[in-house]
Asker: 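This is the structure I have questions about; it appears just below.
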There are 2 protein chains.
Amino acid sequence: MTRRTTAATLAPEVGDDDDIGDGPLHDRVYRALRDALVTGRIVPGRAVTLRGLAQSLGVSPMPVREAIRRIAAEGGLVVGANRRVWVPDMDVERFDELVRARSLLEPEAAVRALPHIDAARLERLRAIDAAIDAALESGDVEGYMTGNHRFHFEIYGAGPSRVLVPLIESLWLQFGPFMRSVYGRLGTAALVDHHVHALAAIADGDAARLAEAIRADIMDGMDLIDGTVLGRVTPQPVP
Amino acid sequence: MTRRTTAATLAPEVGDDDDIGDGPLHDRVYRALRDALVTGRIVPGRAVTLRGLAQSLGVSPMPVREAIRRIAAEGGLVVGANRRVWVPDMDVERFDELVRARSLLEPEAAVRALPHIDAARLERLRAIDAAIDAALESGDVEGYMTGNHRFHFEIYGAGPSRVLVPLIESLWLQFGPFMRSVYGRLGTAALVDHHVHALAAIADGDAARLAEAIRADIMDGMDLIDGTVLGRVTPQPVP
DNA sequence: GTTCAAAAAATGTGATCACATTTTGAGCGA
DNA sequence: TCGCTCAAAATGTGATCACATTTTTTGAAC
């Protein structure tokens, strides 16, 4: 009786993205993986293996190792005591910390970036927001998440931040997969785009209002999550 | 005329630490490297090479690569466009961001950890603070930095934080090397240990006072840095 | 001394391999 | 059916290699 071969743990969600640019392979793998996490294409609990991801991307495990190490350092993946790697599940405490960290850091980053937001960037922000609205209208969760991420980082990235923005990027890595499942569950009809307040504050050059708009945006988004949703989260696998 | 061979860029500062525990080699290399950065044994501007570090630690470049990738993801090392890796220099803007990030995150982490600080941990904190004072007395900059780091993380680590504390760890990675040169320049006589206020707040279970003590500690420490010191920082090498 | 070009050396990268460790699945007995 | 054992398969790790890229050195010309 032949042993049945178990399929490798592939990661087609991280597959052949066209637009991951050039540069070292390990950097490109990192970008593909990070994008898949931020947009929630990889879901919480998902195991990620070197060979699976390498196969899905058509590369050797070497650059995958380095990419995974990077993402793990940023909190997007968890390495267990058994050395297995997976996308962490969300729980109440961790979620609360993420919300809190966001509300501490993102308004600060926005305010610091404000003086660097010129008319061209404001136009770009408006275009991104229009795309977000279109995605919400058409039920496109991934489009919404991609646009939302773009909107925020188009703001924060206006200035030359080398500390706050990377911190915030690591936060987004951490809640992306979970938010995808939440949005998918609630439907885009339940999502409201509040970015108009941030846009107005930016147009008026009003730092205090911008900080408040960002903070409110974070809290509003997070208010979608009630205890029921988080209570239903699968317990984190014990490695 | 024989070509003279250039010595590899060794990293003896990261050398054979005795207490880096067990586990995978790449994890141990990471810990050795991180410790060298947090305590400032590696100075800003220092280039770090795979083979140099591998040789200093007596390992192959493989685990070194993964460790470096990790540290770079946490901001402790910078990878240039030429793919060379080095410890970033400090500049005014980056320093300001680090101070700001610390003062936003660390009081929060301390307050969240406070309910988890029991009598045993408070005793440990007191012991660490005594060691800090001894290091200051004897001019031991590295001892001071090690103790200071320990003190802070003995507080923040009291609770089960999985977001805030890793963020704060990455900040400490980033300013460690620079602070080492600052303390060395100013001398430990110029350093004052303010931890007594945090210890009192902890003993009293007073969250607001603890937050304020941590914030003041951060600002007091950073006030040592005047524009003259930062103005004298070597410009960051252009890769 | 400076500048330039070319060669040599250093360094990072990706592939591959063997091995250690962990997980899975088959087979067996109760 | 469940539980156990063991072998096979999967997975992570560290070493090594060849190669691509970058830096340094050398030697010549001015």
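Each chain gets a letter, A, B and so on, in the order the sequences are listed, and its residues count up from 1.
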Asker: What string of B, S and - do you get for nucleotides 12-18 of chain D 5' to 3' if you count protein non-hydrogen atoms under 4.0 Å?
Answerer: BBBBB-B
Asker: Is a donor on one side and an acceptor on the other found under 3.5 Å between the side chain of B:E66 and the backbone of A:R69?
Answerer: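 No, because the side chain of B:E66 does not come within donor-acceptor range (under 3.5 Å) of the backbone of A:R69.
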Asker: Report the relative orientation of the aromatic rings in A:H149 and A:F153; use parallel for angles under 30°, tilted for 30 to 60°, perpendicular for over 60°.
Answerer: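 Tilted: the ring planes of A:H149 and A:F153 meet at 30° to 60°.
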Asker: Exactly one of B:L77, B:V43, B:I71 should register a side chain to side chain contact (heavy atoms under 4.5 Å, CB included) with B:V87. Which one does?
Answerer: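 Looking at B:L77, B:V43, B:I71, the match for B:V87 under the side chain to side chain contact (heavy atoms under 4.5 Å, CB included) is B:L77.
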Asker: Can you name the closest pair of heavy atoms from B:Q174 and B:G76 and give their distance?
Answerer: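 Scanning both residues, the minimum pair turns out to be CG-N, 4.3 Å.
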Asker: Output all residues satisfying salt bridge (charged side-chain N to carboxylate O under 4.0 Å, His left out) with A:E142, sequence neighbours left out; order by chain, then residue number.
Answerer: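 With sequence neighbours excluded, A:E142 shows a salt bridge (charged side-chain N to carboxylate O under 4.0 Å, His left out) to A:R41, A:R180, given in chain and number order.
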